Amino acid sequence: MIRMTEPSKINSSQNVPDHQPAAGGIAARARASVGPKYLTGLNPEQRDAVETLDGPVLVLAGAGTGKTRVLTTRIAHILSQGRARPAEILSVTFTNKAAREMKHRLGQMLGQAVEGMPWLGTFHSIGGRILRTHAELAQLKSNFTVLDTDDQVRLLKQLLQADNIDDKRWPARMLAGLIDGWKNRGLTPSQVPPGEAAVFANGKGGKLYASYQERLKILNAADFGDLLLEDIRIFREHPDILRQYQQRFKFILVDEYQDTNVAQYLWLRLLSQAPSKPAAQAAIPERVEDSNPDSPSESDNTHRPEMTERAAIAAASAGPTKNICCVGDDDQSIYGWRGAEVDNILRFDHDFPGAKVIRLERNYRSTGHILAAASHLIAHNEGRLGKTLRTEDQDGEKVTVTGSWDSEEEARGIGEEIEQIQRQGEKLNEVAILVRASYQMREFEDRFVTLGLPYRVIGGPRFYERAEIRDALAYLRVINSPADDLAFERIVNVPKRGLGDATVQMLHDHARKRRIPLFEAARAVVETDELKPKARGSLRDVVTQFDRWRAQREVTAHTDLAQIVLDESGYTEMWQKDRSADAAGRLENLKELVRSMEEFENLQGFLEHISLVMDRDSGADEDAVSLMTLHSAKGLEFDNVFLPGWEEGLFPSQRTLDEQGRAGLEEERRLGHVGLTRARRRAKIYFATNRRIHGTWSTTIPSRFLDELPAANVEITESKGGSAWGGTGGYGASRFDDMEAFGSTYSTPGWQRAQANRNRGQANGQGRNGGGGRGGFEEEASNFSSTSSSGPDFGSFSSRRRGPMTIEGELVAKSTGTTSEFSLSDRVFHQKFGYGRVTKIDGNKLTIAFDKAGEKKVVDSFVQRA
DNA sequence: TCTTCTCTGCTTTTT
DNA sequence: GCAGAGAAGA
């Protein structure tokens with residue numbers, strides 16, 4: 001059953017029941033042009049993963065083992081073997097980026113754009129597509145709106161208010177999280193275990209979930225969870241519909257299977273059963289609820305509800321499994337906190353009997369030392385499927401571990417190392433800083449701004465989550481669907497029209513009484529004298545404007561309409577008048593939005609897809625350092641990877657440890673593994689003894705993960721910014737312990753913290769006086785922005801460093817050659833800090849008093865005349 | 001109704 | 001240390 005090579009099929013097209021021209025094009029081309037060529041260059045395991053087409057297959061693909069290549073080659077293989085047409089392959093990913101990447105690579109492999117793969121996409125876009133087809137079975141219309149988190153929360157807030165629940169004690173955001181969690185686990189309101197439903201607002205949680213669902217139907221809206229959950233419900237209530245899809249999808253491929261949640265699992269599971277006639281079920285005895293000793297959370301009661309759910313689905317759909325191929329890596333499962341079930345991958349062969357498991361263990365990315373360090377670290381986890389990554393690459397440089405006195409010094413040191421890398425002629429695009437929490441980024445941003453080092457932040461608010469984009473979309477949503485109350489409410493007073501809370505409340509009352517949408521209520525209220533003349537006038541304007549735009553919609557291209565709406569509503573003007581730093585960027589984003597609409601046929605089509613498909617693009621062409629969280633680094637790779645902040649509490653995160661215990665620790669460890677395996681040639685780890693978190697300094701101890709790294713592959717180095725302990729390396733009581741300040745082998749955190757505190761003054765002195773040779777302009781500049789005192793504990797520390805260093809800094813700064821084209825009190829603009837005035841000039845380094853950001857020192861090339 | 005001031009409470013993030 | 005929300009003033 002392994003190799004299905006039937007040579008006759010390759011050249012004869014009559015075996016393919018192929019009547020669709022587009023589909024035939026790709027399939028034919030695949031057969032003709034690819035031949036066996038696509039198989040060359042694959043290692044034996046990869047080849048096995050590509051060629052095992054029948055029955056369930058799990059490909060355990062470690063970091064850097066060619067996962068995407070296997071997936072795309074497998075699709076090419078299926079097509080070239082004539083086993084399915086492009087429209088018969090369901091191929092799901094988690095992110096749009098991954099879906100795009102696959103389409104791109106497939107296109108390259110098959111030599112053309114892959115328009116014929118209609119079912120290649122994210123779980124949510126495909127789920128949404130299925131739901132639109134059968135919307136009426138979920139009490140929706142096919143043009144339903146997909147709500148994002150913000151809309152969701154606002155809707156819940158209204159429900160809480162209506163129920164007189166204290167929004168302070170029981171925040172809407174928390175309820176949104178709970179509902180999300182339930183949906184991730186495939187639970188409809190009636191299926192939520194009563195105990196869990198009761199935890200919110202003294203037992204009202206379940207009821208609120210139910211009324212939220214009701215409201216969604218009235219608004220003709222679905223949230224992200226519904227896109228899958230409603231599909232599942234439809235599949236189960238209408239076996240004929242399910243069978244239709246089961247028959248259609250001859251092959252199913254799943255990327256990043258370790259990240260699937262229970263709902264996704266159920267969805268896949270239903271689709272992956274061979275279509276069986278309702279009555280005749282060749283029930284394979286399957287005991288999904290069996291305890292599996294390998295799976296860590298098995299004994300955990302909290303998983304019971306969905307386990308029974310799982311069992312029910314398994315029983316109902318027990319039939320031969322089709323050709324499903326899941327690719328994933330249990331060691332890279334880092335989304336447990338948002339509902340991903342590592343269990344799904346751990347028990348794959350259990351869920352899909354007869355599954356073939358193929359391990360890809362040859363790493364093509366990292367050098368020996370890096371791989372060894374990563375493997376050794378992850379080996380501390382229990383509950384793995386177990387893989388041993390190997391490379392045929394050289395050992396390369398050892399992974400470095402560097403301790404520094406505080407987080408500022410850490411940033412300074414990394415900045416210097418990056419400059420060094422740059423001097424060696426390497427590209428900044430090949431440098432990444434991966435942090436655990438986004439608040440760590442700031443320090444680096446400040447540093448890079450000072451150094452004039454180009455960087456880009458990856459992640460952060462997505463394009464369509466930006467306020468200006470959501471506002472613009474809200475206008476379009478109201479035009480498209482007058483019943484969209486959430487959208488109407490969002491923009492009725494944006495820009496300011498004198499229609500505040502009081503007016504909106506009044507509209508709500510009116511709308512509820514007559515059971516009409518807010519927009520219609522507004523139309524009616526304008527005709528009465530319930531509102532003050534001023535508010536009434538503005539509201540009338542709003543209503544007439546929307547009526548006009550809707551009329552124009554028939555005769556105007558949707559992109560033009562969007563532009564007209566933005567201009568006539570005064571929205572563009574609002575941002576043009578805004579003098580804050582990011583106003584220009586927002587206007588740029590609005591332009592980008594209008595541009596992106598061109599890809600869609602009409603307004604309707606655009607709105608249907610926007611929330612699912614829209615992505616930010618972070619100008620990747622420019623050579624710049626990448627700054628991102630460990631989470632968003634998954635799937636990326638760089639020559640040089642910097643990993644700062646390996647300290648207890650930060651990494652592993654204390655909160656994860658508190659909330660998830662052992663499972664949390666293991667997930668954090670996997671995060672470390674992901675971080676290390678991003679590096680091709682150099683991986684550099686850092687920790688600081690003192691870190692400012694939320695404004696206050698606290699003393700930290702090195703991460704336990706440092707102790708879990710293999711000594712043979714790791715080199716302990718001194719901070720380039722000057723060692724915290726006057727030259728001794730090492731960090732705290734660990735087996736690397738060769739350090740005087742903390743010289744002891746006691747290792748309880750409390751003891752270490754006590755030691756750290758006791759030694760602080762002493763170490764401080766050493767750092768300042770004995771550290772010598774540090775400082776210079778950079779030293780002074782980075783302190784410059786910290787205007788307020790750092791709290792009583794460190795008062796002496798701060799003042800001490802600020803005094804003499806400033807003088808030193810000035811001296812160095814004055815010696816920098818070039819003179820600036822700016823003069824004192826020039827008005828300037830800076831991308832990050834906004835508008836300000838030059839207060840001091842030192843060569844090409846300016847001190848600027850920013851209107852909003854305070855006083856900063858920056859290189860003149862980073863500002864322009866305002 | 002809009003602006004300014006005080007208070008709180010902080011991961012990770014895709015769709 | 002700062003953003004975001006809510007309450008008090010203009």
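Here is how names work: the chains are called A, B, and so on, in the same order as the sequence lines, proteins then strands, and each is numbered from 1. Predicted model, so just to flag it, every value in this text is computed and none were measured.
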S.K.: Between A/Asp658 (CG) and B/dT12 (P), how many Å, whole number?
M.R.: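 Between P of B/dT12 and CG of A/Asp658: 16 Å.
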S.K.: I need the OH-C1' distance between A/Tyr439 and C/dG1, as an integer number of Å.
M.R.: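 Computing the A/Tyr439:OH to C/dG1:C1' distance gives 13 Å.
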S.K.: Is A/Tyr335 stacked against the base of B/dT13, taking the criterion as centroid distance under 5.5 angstrom and interplanar angle under 30°?
M.R.: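 Given the distance and angle limits, no, they do not stack.
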S.K.: Between A/Phe687 and A/Trp646, does the ring centroid distance fall short of 6.0 Å?
M.R.: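 When the ring centroids of A/Phe687 and A/Trp646 are compared, they turn out to be at least 6.0 Å apart.
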S.K.: Nearest to the side chain of A/Thr95 - B/dT15, C/dG1, B/dT12?
M.R.: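 For the A/Thr95 side chain, the nearest candidate turns out to be B/dT15.
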S.K.: Between B/dT12 atom C1' and A/Leu665 atom CG, what is the distance in whole Å?
M.R.: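 Whole-Å distance recorded here is 16 Å.
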S.K.: To the nearest angstrom, how far is A/Phe144 atom CZ from B/dT15 atom C1'?
M.R.: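 Whole-Å distance recorded here is 13 Å.
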S.K.: Would you mind classifying the nucleic acid contact of A/Lys534 as base, sugar-phosphate or nothing, using non-hydrogen atoms under 4.0 angstrom?
M.R.: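 Touches nothing.
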S.K.: Taking only side-chain nitrogens and oxygens of A/Ser632, does any of them come within less than 4.0 Å of OP1 or OP2 of B/dT13?
M.R.: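 Result: yes.
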S.K.: For A/Asn493, answer base if it contacts any base atom (sugar-phosphate contacts may also be present), sugar-phosphate if it contacts only those atoms, and nothing otherwise; contact means non-hydrogen atoms under 4.0 Å.
M.R.: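 Contact class for A/Asn493: sugar-phosphate only.
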S.K.: Which one of A/Asp329, A/Asn344, A/Val92, A/Asp330 satisfies the side chain to side chain contact (heavy atoms under 4.5 Å, CB included) criterion with A/Tyr257?
M.R.: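 Single pass found, and it is A/Asn344.
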S.K.: In whole angstrom, what separates A/His609's NE2 from B/dT15's C1'?
M.R.: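 Distance check: A/His609 NE2 to B/dT15 C1' gives 14 Å.
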S.K.: Do other residues, nucleotides or ligands put more than 12 heavy atoms under 6.0 Å from the CG atom of A/Asp658?
M.R.: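 Correct, the count exceeds 12.
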S.K.: Regarding A/Ala535, tell me which of base, sugar-phosphate or nothing describes its non-hydrogen contacts under 4.0 Å with the strands shown.
M.R.: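 Since no nucleic acid heavy atom lies under 4.0 Å of A/Ala535, the category is nothing.
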S.K.: Within the 4.0 Å heavy-atom criterion, would you say A/Glu668 contacts the bases, only the backbone, or no part of the nucleic acid?
M.R.: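 Base contact.
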S.K.: State whether the aromatic ring of A/His694 stacks on the base of C/dC2, taking stacking to mean ring centres under 5.5 Å apart and ring planes under 30° to each other.
M.R.: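 No, aromatic ring not over the base.
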S.K.: Verify, without hydrogens or angle tests, whether A/Arg670 (side chain) and A/Gln332 (backbone) share a donor-acceptor contact under 3.5 angstrom.
M.R.: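 Not confirmed, A/Arg670 side chain does not pair with A/Gln332 backbone.
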S.K.: Would you say a side-chain N or O of A/Ser438 is under 4.0 Å from OP1 or OP2 of B/dT12?
M.R.: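 So the side chain of A/Ser438 is within the cut-off, an N or O lying under 4.0 Å from OP1 or OP2 of B/dT12.
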S.K.: Nearest of C/dG1, B/dT13, B/dT15 to any side-chain atom of A/Thr122?
M.R.: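 Taking heavy atoms from C-beta onward, the closest nucleotide is B/dT15.
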S.K.: Side chain of A/Arg436 only, heavy atoms from C-beta on: which candidate in B/dT12, B/dC2, C/dG1 is closest?
M.R.: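 When the side chain of A/Arg436 is considered, B/dT12 is the closest of B/dT12, B/dC2, C/dG1.
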S.K.: Under 4.0 angstrom, heavy atoms only, what part of the nucleic acid is A/Thr503 near: base, sugar-phosphate, or nothing?
M.R.: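 Contact class for A/Thr503: sugar-phosphate only.
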S.K.: Where the side chain of A/Trp337 is concerned, which of C/dG1, B/dT13, B/dC2 is the nearest nucleotide?
M.R.: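 Nearest to the side-chain atoms of A/Trp337, counting from C-beta on, is B/dT13.
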S.K.: Which whole-number value in Å describes the distance from A/Lys532 NZ to B/dT1 P?
M.R.: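 Whole-Å distance recorded here is 6 Å.
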S.K.: NA contact type, A/Thr629, heavy-atom cut-off 4.0 Å: base, sugar-phosphate, or nothing?
M.R.: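 Counting heavy atoms under 4.0 Å across all strands, the contact made by A/Thr629 is with sugar-phosphate only.
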S.K.: Whole angstroms only, please: what is the CG-P distance between A/Leu160 and C/dG6?
M.R.: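 In whole Å, C/dG6 P lies 12 Å from A/Leu160 CG.
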S.K.: Can the ring centres of A/Tyr265 and A/Trp267 be said to be less than 6.0 Å apart?
M.R.: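 When the ring centroids of A/Tyr265 and A/Trp267 are compared, they turn out to be at least 6.0 Å apart.
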S.K.: Counting side-chain heavy atoms from CB outward, which of B/dT3, B/dT12, B/dT13 is closest to A/Ala437?
M.R.: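 Between B/dT3, B/dT12, B/dT13, the one nearest the side chain of A/Ala437 would be B/dT12.
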S.K.: Ignoring backbone atoms, test whether A/Arg497 places a side-chain nitrogen or oxygen under 4.0 Å from the OP1 or OP2 oxygen of B/dT1.
M.R.: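 Answer is no, no contact under 4.0 Å.
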S.K.: Which residue, A/Asp501 or A/Leu630, contacts DNA chain B at a nucleotide closer to its 5' end, judged by nearest heavy atom?
M.R.: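 Nearest nucleotide further toward 5': that of A/Asp501.
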S.K.: Can you measure A/Leu531 atom CG to B/dT1 atom C1' for me and round it to whole angstrom units?
M.R.: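 Distance check: A/Leu531 CG to B/dT1 C1' gives 13 Å.
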S.K.: Decide yes or no for A/Ile693 and A/Tyr439: does some side-chain heavy atom of the first lie under 4.5 Å from some side-chain heavy atom of the second?
M.R.: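 In contact.
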S.K.: Start at the 5' end of DNA chain B and walk down; is the nucleotide closest to A/Phe94 or to A/Glu659 reached first?
M.R.: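 Per heavy-atom nearest nucleotide, the more 5' residue is A/Glu659.
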S.K.: Looking only at the side chain of A/Arg655 (C-beta and beyond, no hydrogens), which of the listed nucleotides B/dC10, B/dT3, B/dT12 gets closest?
M.R.: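 Taking heavy atoms from C-beta onward, the closest nucleotide is B/dC10.
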S.K.: Are A/Glu647 and A/Ser703 side-chain neighbours, meaning at least one heavy-atom pair lies under 4.5 Å?
M.R.: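 When only atoms from C-beta onward are counted, A/Ser703 and A/Glu647 do not touch, as no gap falls below 4.5 Å.
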